[in-house]
Q: 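What follows is a single structure, and I will ask about it in a moment.
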2 protein chains.
Amino acid sequence: MNLKELAAKLGLSPTTVSRALNGYPEVNEATRERVVSAARRHNYRPNARAIRLATGRALAVGHVIPLDTRSEIMNPIFSDFIAGSGEVYSRNGFDMLLSIVPDELEESTYRDLMSRGTVDGVIVHAPKTNDPRIRTLKDLGLPFVVHGRSTGADLDYNWVDVNNRRAFQRATEFLLDLGHRRIALVNGLEVMDFAVRRRIGHTDALHARGLEPELRLMSSTEMTEVNGWRAAEAALSQPEPATAFLCASMLQGMGVRRSIEGRGLKMGRDISVIIFDDDLSYLRNGEDVPIFTATRSSVKEAGKLAAEMLLAVINQPESPPQHRLLEAELILGQSTGPAPAF
Amino acid sequence: MNLKELAAKLGLSPTTVSRALNGYPEVNEATRERVVSAARRHNYRPNARAIRLATGRALAVGHVIPLDTRSEIMNPIFSDFIAGSGEVYSRNGFDMLLSIVPDELEESTYRDLMSRGTVDGVIVHAPKTNDPRIRTLKDLGLPFVVHGRSTGADLDYNWVDVNNRRAFQRATEFLLDLGHRRIALVNGLEVMDFAVRRRIGHTDALHARGLEPELRLMSSTEMTEVNGWRAAEAALSQPEPATAFLCASMLQGMGVRRSIEGRGLKMGRDISVIIFDDDLSYLRNGEDVPIFTATRSSVKEAGKLAAEMLLAVINQPESPPQHRLLEAELILGQSTGPAPAF
DNA sequence: TCATCTTGCCAAAACGGTTTTCACACCGGT
DNA sequence: ACCGGTGTGAAAACCGTTTTGGCAAGATGA
């Protein structure tokens with residue numbers, strides 16, 4: 001059943017039917033009723049392809065997920081992020097398009113999405129420092145929102161981000177207050193912008209107390225359990241081993257815990273651990289009582305906010321760049337305690 | 001730059017240009033060259049919206065992810081699955097559309113996708129026993145492939161699945177051979193079809209050795225770390241505690257390990273653990289040496305196969321239903337050993 | 001009373017491609 | 001000279017909407 005057929009059945013022109021259904025004022029209220037009920041009765045759904053062509057809008061937004069071809073690691077936060085944003089899209093009648101592309105094809109993917117008109121805007125995931133995508137997208141004129149920020153980009157752009165620097169600064173201060181002096185940083189890959197910010201927050205806190213960050217206690221890897229374990233093994237087998245760990249993710253934290261317990265030590269008593277908790281739906285940090293002390297910020301919420309921002313930008317392309325900085329909360333779990341006396 | 005403009009620039013009709021670019025035979029090879037190079041030079045990309053309308057194809061497939069509104073848990077395997085399928089789509093010029101919808105809206109989502117013509121087919125995720133979606137999709141005539149199977153559906157349909165029954169049967173046999181007699185099953189939610197099959201595999205293996213499955217050692221929950229820990233706590237604090245665990249996922253296995261180590265026991269020596277390993281990119285089971293003994297089957301590979309099957313079905317709608325049953329491999333890790341002597 | 005607005009509707013033209021139909025030139029064979 | 005096939009390209013129809021530009025009838029105002 002298409003518009004023309006429906007119009008014929010009603011003895012009206014397609015124009016009037018279209019207007020009636022889309023709430024235009026120039027149609028008699030009685031007629032509108034008649035049209036709406038007939039549409040419902042015949043189960044009429046306007047063809048999305050035709051609408052898109054006629055209106056020149058894609059009614060869709062793209063999420064381009066870069067896939068590092070070497071590591072092949074999907075960012076595990078990604079599914080929660082789109083769970084948050086997907087809801088916003090469907091509420092607004094937008095489709096969510098996903099492209100998983102190898103790193104090096106990402107720019108051409110944007111160009112393609114733009115010139116073929118498949119999307120009205122995109123979300124940029126996992127920005128690196130000095131990320132070239134921002135420039136590209138600005139030049140293309142494709143509306144976009146970055147999840148995170150990119151240090152070094154001298155342009156202004158839309159973003160939603162967590163205050164990563166502050167979160168790690170606070171976490172470090174917390175450990176220092178507990179008496180820890182040898183704090184290992186188990187960071188994410190520091191090509192990623194968020195990881196750099198986290199390291200800065202950490203070292204800032206150390207400096208503020210007159211301490212020098214120790215390179216031997218810092219690692220920067222992909223945020224997996226195994227890498228967390230490795231980092232902990234390294235930091236714990238030194239002559240002056242770490243007494244506390246600051247981890248960029250729950251998975252790394254779990255790896256650190258494995259290392260601690262594998263040595264017959266007890267997390268929270270012998271060694272303290274703080275993680276950054278993205279509040280992933282399938283990786284909850286305990287239920288009633290948190291397992292890990294953590295700086296927490298929901299990535300699903302970030303997805304929701306980013307999607308809302310993007311839709312706003314699409315509707316108001318000339319509006320000035322928008323920013324949203326979320327603060328992570330510091331929640332107390334069982335994984336931290338006073339530094340053991342020597 | 002659109003087709004008409006390009007044609008004008010070349011002094012040709014839009015028809016000829018279209019044909020030249022789409023490889024139709026009735027155009028002079030010299031003309032084609034001229035057209036193709038001009039298209040490249042002017043960076044011409046056909047408008048996807050127009051193509052879709054003209055051809056009546058959506059050039060897109062949908063992945064509808066049901067979101068249980070109570071638990072709000074995203075299935076963690078999902079991101080790897082689409083990493084696999086996404087690659088296939090983009091290689092074939094298809095878009096991947098994601099809808100995250102509350103359980104109860106799922107059917108209407110399919111109806112909508114179909115009647116508005118936004119997709120040419122869909123992948124059905126996380127089938128339950130007797131899943132009503134299969135009937136719905138058959139009736140709608142929308143091509144689909146199920147990731148998994150649905151016991152009880154008397155219709156034939158396209159699916160890609162792992163031999164879950166066999167995997168758990170083999171794992172159980174392996175533990176029995178090691179001398180274990182009290183094996184705890186830490187299963188997924190048994191509304192899910194795959195979980196039922198796994199339980200059957202497990203109990204089949206027990207029966208074959210003349211053993212009765214013990215309900216007190218079986219749990220069926222969402223596959224999270226915390227739930228794994230809980231199940232282990234329960235199974236280990238019984239008067240006759242379990243000596244081995246069979247877990248439906250890596251995360252549950254990690255929870256079980258936490259419980260074991262929290263009791264000062266050692267996994268692999270005191271208590272054996274086997275997991276089902278989906279080979280998730282961000283949850284690798286160790287690197288060189290697997291941490292867990294596991295039945296492994298790559299969910300990313302399954303995504304790839306499902307996508308290929310779906311595209312085939314879309315191109316050949318009248319073909320008979322296709323099936324693909326993958327076998328999980330049993331890999332030996334450090335988490336299993338002979339049952340401790342009493 | 002006549003010009004001017006509203007109101008409610010319609011026909012036709014977009015949107016940007018594909019596909020079908022048709023015209024024409026050229027060629028070889030009779 | 002006629003005919004049929006073939007290679008090449010143009011013109012027109014079509015996909016299913018929205019949008020633009022009328023237009024008749026009735027209401028309003030001077």
Side-chain angles (χ1 to χ4, degrees), chain A residues 1-36 38-39 42-60 93-95 112-120 315, chain B residues 1-36 38-39 42-60 93-95 112-120 315:
Chain A
M1 171 70 47
N2 62 25
L3 189 65
K4 211 186 297 182
E5 290 164 13
L6 183 61
K9 241 186 239 307
L10 283 162
L12 290 170
S13 78
T15 314
T16 307
V17 176
S18 167
R19 285 184 169 148
L21 292 173
N22 292 313
Y24 281 73
E26 57 269 79
V27 40
N28 187 312
E29 210 40 56
T31 315
R32 187 195 307 283
E33 298 268 304
R34 210 157 62 86
V35 171
V36 167
H42 291 96
N43 228 305
Y44 167 73
R45 297 249 182 298
N47 183 302
R49 299 190 285 260
I51 292 182
R52 291 188 227 261
L53 179 58
T55 59
R57 309 184 60 189
L59 293 174
F94 271 67
D95 286 337
D112 227 58
L113 287 175
M114 176 69 179
S115 53
R116 314 179 59 117
T118 30
V119 301
D120 296 317
N315 287 327
Chain B
M1 169 71 47
N2 62 24
L3 189 66
K4 210 186 298 184
E5 290 164 16
L6 183 62
K9 242 187 240 307
L10 282 162
L12 291 171
S13 80
T15 316
T16 306
V17 176
S18 170
R19 282 178 171 155
L21 292 174
N22 292 313
Y24 281 73
E26 55 269 78
V27 41
N28 188 314
E29 212 39 57
T31 314
R32 187 194 308 281
E33 297 270 304
R34 209 158 61 87
V35 171
V36 168
H42 292 95
N43 229 304
Y44 167 74
R45 297 249 180 298
N47 183 303
R49 296 191 285 261
I51 292 182
R52 289 187 226 262
L53 180 58
T55 60
R57 309 185 59 189
L59 293 174
F94 271 68
D95 285 338
D112 226 59
L113 288 175
M114 176 69 180
S115 53
R116 313 180 59 116
T118 28
V119 300
D120 296 317
N315 287 327

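Per chain, numbering begins at 1; letters A, B, ... match sequence-line order. When reading the values below, keep in mind they use all heavy atoms of this one structure, side chains included, and skip hydrogens, waters and symmetry mates.
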Q: Remember a base hit wins even if backbone is also touched, and classify B:Gly117 as base, sugar-phosphate or nothing at under 4.0 Å, heavy atoms.
A: nothing
Q: If only side-chain N and O atoms of A:Thr15 are considered, is one of them under 4.0 Å from the OP1 or OP2 phosphate oxygen of D:dT18?
A: no
Q: Could you state the CG-P distance from A:Asn22 to D:dG16, rounded to the nearest angstrom?
A: 17 Å
Q: Does the side chain of B:Ser13 get closer than 4.0 angstrom to OP1 or OP2 of D:dA10 through an N or O atom?
A: yes
Q: Using the side chain to side chain contact (heavy atoms under 4.5 Å, CB included) rule, pick out the option among A:Asn22, A:Val27, A:Thr31, A:Val35 that qualifies with A:Val17.
A: A:Val35
Q: OP1 or OP2 of C:dT19 versus the side-chain N and O atoms of B:Tyr24: is any pair under 4.0 Å?
A: yes
Q: Within this structure, what is the CG-to-P distance between B:Leu3 and D:dC14, rounded to whole angstrom?
A: 19 Å
Q: Estimate the overall bend of the helix from C:dT1-D:dA30 to C:dT30-D:dA1 from the end axes over five pairs each, rounded to 10 degrees.
A: 60°
Q: Check whether any side-chain N or O of A:Ser18 sits under 4.0 Å from OP1 or OP2 of D:dT17, and answer yes or no.
A: no
Q: Nearest whole angstrom, please: distance from the P of D:dC15 to the NZ of A:Lys4.
A: 6 Å
Q: Would you compute the distance between atom OH of B:Tyr24 and atom CZ of B:Arg19 and round it to the nearest 0.5 angstrom?
A: 8.0 Å
Q: Could you check whether A:Thr55 gets within reach of a base, just the sugar-phosphate, or nothing at all, counting any heavy atom under 4.0 Å?
A: sugar-phosphate
Q: Could you pick out which residue, B:Leu12 or B:Ala50, lies toward the 5' side of DNA chain D when each is mapped onto its nearest nucleotide?
A: B:Leu12
Q: Tell me whether the OP1 or OP2 atom of D:dA10 has a side-chain N or O from B:Thr16 closer than 4.0 Å.
A: yes
Q: Given that B:Tyr44 and A:Gly11 both sit by DNA chain C, which one's nearest nucleotide is further toward the 5' end?
A: A:Gly11
Q: Under 4.0 Å from OP1 or OP2 of D:dT8: is there any side-chain N or O of B:Asn28 that close?
A: yes
Q: Rounded to the Å, how far apart are B:Arg32 CZ and D:dG7 P?
A: 14 Å
Q: Find the distance between NE2 (B:His42) and CD (B:Glu5) and round it off to the nearest 0.5 Å.
A: 10.0 Å
Q: Give the rounded distance in Å between these two atoms: CD of A:Glu26 and P of C:dA11.
A: 16 Å
Q: Please round to the nearest 0.5 Å and tell me the distance separating atom CG of B:Leu6 and atom OG of B:Ser18.
A: 11.0 Å
Q: Given the structure, check if the side chain of A:Arg19 and the base of D:dT20 hold any donor-acceptor pair shorter than 3.5 Å.
A: yes
Q: If you look at every strand shown and take non-hydrogen atoms under 4.0 Å, does A:Leu53 touch a base, only sugar-phosphate, or nothing?
A: base
Q: Starting from P on C:dA14, measure out to CZ on A:Arg57 and report it in whole angstrom.
A: 22 Å
Q: To the nearest Å, give me how far apart CG (A:Leu21) and P (D:dT18) are.
A: 8 Å
Q: Nearest 0.5 Å please: distance from the CG atom of A:Leu53 over to the CD1 atom of B:Ile51.
A: 11.0 Å
Q: As an exercise, state the distance from OG1 of A:Thr118 to CG of A:Leu59, rounded to the nearest 0.5 Å.
A: 12.5 Å
Q: Separation of B:Leu59 atom CG from D:dC15 atom P, in whole Å?
A: 18 Å
Q: For the pair A:Asp95 and A:Arg52, find out whether any cationic side-chain nitrogen is under 4.0 Å from an anionic carboxylate oxygen.
A: yes
Q: When rounded to the nearest 0.5 angstrom, what is the spacing between CZ in B:Arg49 and OG1 in A:Thr55?
A: 7.0 Å
Q: More 5' along DNA chain D: A:Asn2 or B:Thr31, using each one's nearest nucleotide?
A: B:Thr31
